[in-house]
Amino acid sequence: MAVTCMPWLVDIRRLSSTATHFLDFVPASAPIESVALERLQNFVCKTKRLFVITGAGLSTESGIPDYRSEGVGLYARTERRPIQHAEFLRSAKSRQRYWARNYVGWPQFSSHLPNSAHLALSSWEALGKVHWLVTQNVDALHSKAGQQQLTELHGCAHRVVCLGCRSLSPRETLQARFAALNPGWVAQAGDVAPDGDVFLSNEQVQHFRVPSCENCGGILKPEVTFFGDTVNRDTVNLVHKRLAESDGVLVAGSSLQVYSGYRFLLAASETKIPIAILNIGPTRADHLSSLRVSARCGEVLPAILPC
């Protein structure tokens, strides 16, 4: 079964016509050369059951910054770092700060639309080219684009999980509960981070109130894998199974610096499954690939015909 975000009722034609490229968070790159495009086209044509793994570089063209891109990523522009799993668990103050920042950033983060790269991959699936897609992103843009054969490896920010009873609820429902608990609380939103939060000072968040689980009173957490946590073993096993059923791997918009995604490239290499990489800048798996293309996903993927 696909590990997907909340159901989406979307008109892909509307998304295609209204989704706008935001290039402020996209590293500089030269237009793809015709020879490189032809080689990638040939790679896609030769595969019958394509396994795709995507990362933050796919969503930067939808206006969501990533962490690591040279010059434009969050690490390059600010001193901000994402919350660690252990910190969230042990500190009520850390949870208060996290949720206050997430509450302010949510309206902007949740409004982002798929770009041409998401839509291209969804159309490939509809045509039978994509066997399975694994995304390391938590932004739900693949789901919004209509992708069905999908694993959200690191979860989805549009879901909330109770750490006590493990019940799931929509993030939008929690937004309404935040508003009801914090009437009159206002904070100015700055740049939204890849995980949906904004920077706020300790003074700004000190009076922010965080609700508990309505079922058991437990701690609420976004249903995402924070830094320092591990991906669910059943999810990893499912992805390995889908990879073994595939005859080609395409990496799109990921440097694969995090092992949770990189492990599947190691497995593909060990079983001699061909690998192609589309990403601006080097990746951890470059030495495993037979084809490496440095260009924007939104430029390249719509130009590929899934023959």
Side-chain angles (χ1 to χ4, degrees), residues 5 8 10-33 36-37 40-41 44 52-78 105 107-125 130 133-147 150 152-154 156-158 191-196 250-258 261 276-283 292-306:
C5 202
W8 300 102
V10 296
D11 184 336
I12 293 179
R13 291 170 298 178
R14 181 184 65 83
L15 291 175
S16 181
S17 64
T18 61
T20 304
H21 284 179
F22 297 87
L23 301 184
D24 289 348
F25 303 123
V26 181
S29 65
I32 187 171
E33 297 179 356
L37 182 61
L40 188 57
Q41 174 72 74
V44 172
V52 181
I53 183 164
T54 69
L58 202 81
S59 293
T60 53
E61 293 179 60
S62 289
I64 300 176
D66 66 3
Y67 287 113
R68 297 180 177 84
S69 286
E70 183 177 354
V72 294
L74 195 72
Y75 292 165
R77 295 182 291 109
T78 74
Q108 180 179 339
F109 180 79
S110 61
S111 69
H112 288 294
L113 295 176
N115 61 58
S116 58
H118 297 97
L119 297 172
L121 291 171
S122 180
S123 71
W124 291 11
E125 178 187 88
V130 173
L133 188 148
V134 177
T135 185
Q136 300 167 93
N137 302 333
V138 300
D139 51 34
L141 294 188
H142 283 296
S143 293
K144 289 182 178 182
Q147 203 84 35
L150 169 68
E152 292 163 321
L153 189 63
H154 297 150
C156 179
H158 289 249
D191 288 341
V192 178
D195 57 359
L250 173 64
V251 177
S254 177
S255 63
L256 299 166
Q257 293 302 310
V258 179
I277 297 177
L278 169 62
N279 187 66
I280 300 174
T283 81
R292 172 81 174 83
V293 177
S294 182
R296 289 194 295 108
C297 294
E299 173 194 7
V300 175
L301 295 181
I304 299 293
L305 300 177

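By convention here, the first residue in the shown sequence is residue 1.
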Roughly how far apart are Leu40 CG and Ile277 CD1, rounded to 0.5 Å? 11.5 Å

How would you list, by chain and number, every residue that makes a side-chain hydrogen bond (donor to acceptor under 3.5 Å, both in side chains) with Thr54, sequence neighbours excluded? Thr135, His142

Any residue meeting side-chain contact (heavy atoms from CB on, under 4.5 Å) with Ser254, in chain and number order, not counting sequence neighbours: Gln136, Val251, Leu256

Ile64 CD1 to Asn115 CG distance, which is reported to the nearest 0.5 Å: 9.0 Å

Minimum heavy-atom distance between Val44 and Trp124, given as atom pair plus value: CG2-CH2, 4.1 Å

For the pair Asn137 (side chain) and Gly55 (backbone), establish whether a donor and an acceptor sit closer than 3.5 Å, ignoring hydrogens and angles. yes

Can you tell me how far apart NE2 (His158) and NZ (Lys144) are? Round to the nearest 0.5 Å. 4.5 Å

Say whether, by atom type as modelled, one donor and one acceptor occur between the side chain of Ser29 and the main chain of Ile280 under 3.5 angstrom. no

What closest approach, in Å, do Leu301 and Ala252 show between heavy atoms, and which atom pair accounts for it? CD1-CB, 4.4 Å

Quick one: side-chain contact (heavy atoms from CB on, under 4.5 Å) partners of Pro107, sequence neighbours excluded? Gln175

dist Arg296:CZ -> Thr60:OG1 (nearest 0.5 Å) comes out at 9.0 Å

Measure the SG-CG distance between Cys156 and Asp139 for me, rounded to the nearest 0.5 Å. 8.0 Å

For the residue pair Ser143 and Glu152, what are the closest heavy atoms and their distance? OG-OE2, 3.6 Å

Is there a side-chain contact between Cys297 and Leu278 (heavy atoms, below 4.5 Å)? yes

Compare every heavy atom of Pro282 with every heavy atom of Ser255, then report the nearest pair and how far apart it is. CB-O, 4.0 Å

Quick check: does any side chain N or O of Gln41 sit under 3.5 Å from a backbone N or O of Leu305, one acting as donor and the other as acceptor? yes

Which pair of non-hydrogen atoms, one from His118 and one from Gln147, has the smallest distance, and what is that distance? O-OE1, 4.3 Å

For Glu61 and Gly298, indicate whether the former's side chain and the latter's backbone hold a donor-acceptor pair under 3.5 Å. yes

To the nearest 0.5 Å, what is the distance between CG (Leu58) and CG (Leu133)? 8.5 Å

At their closest point, which heavy atom of Ser122 faces which heavy atom of Gly146, and how far apart are they? OG-C, 3.6 Å

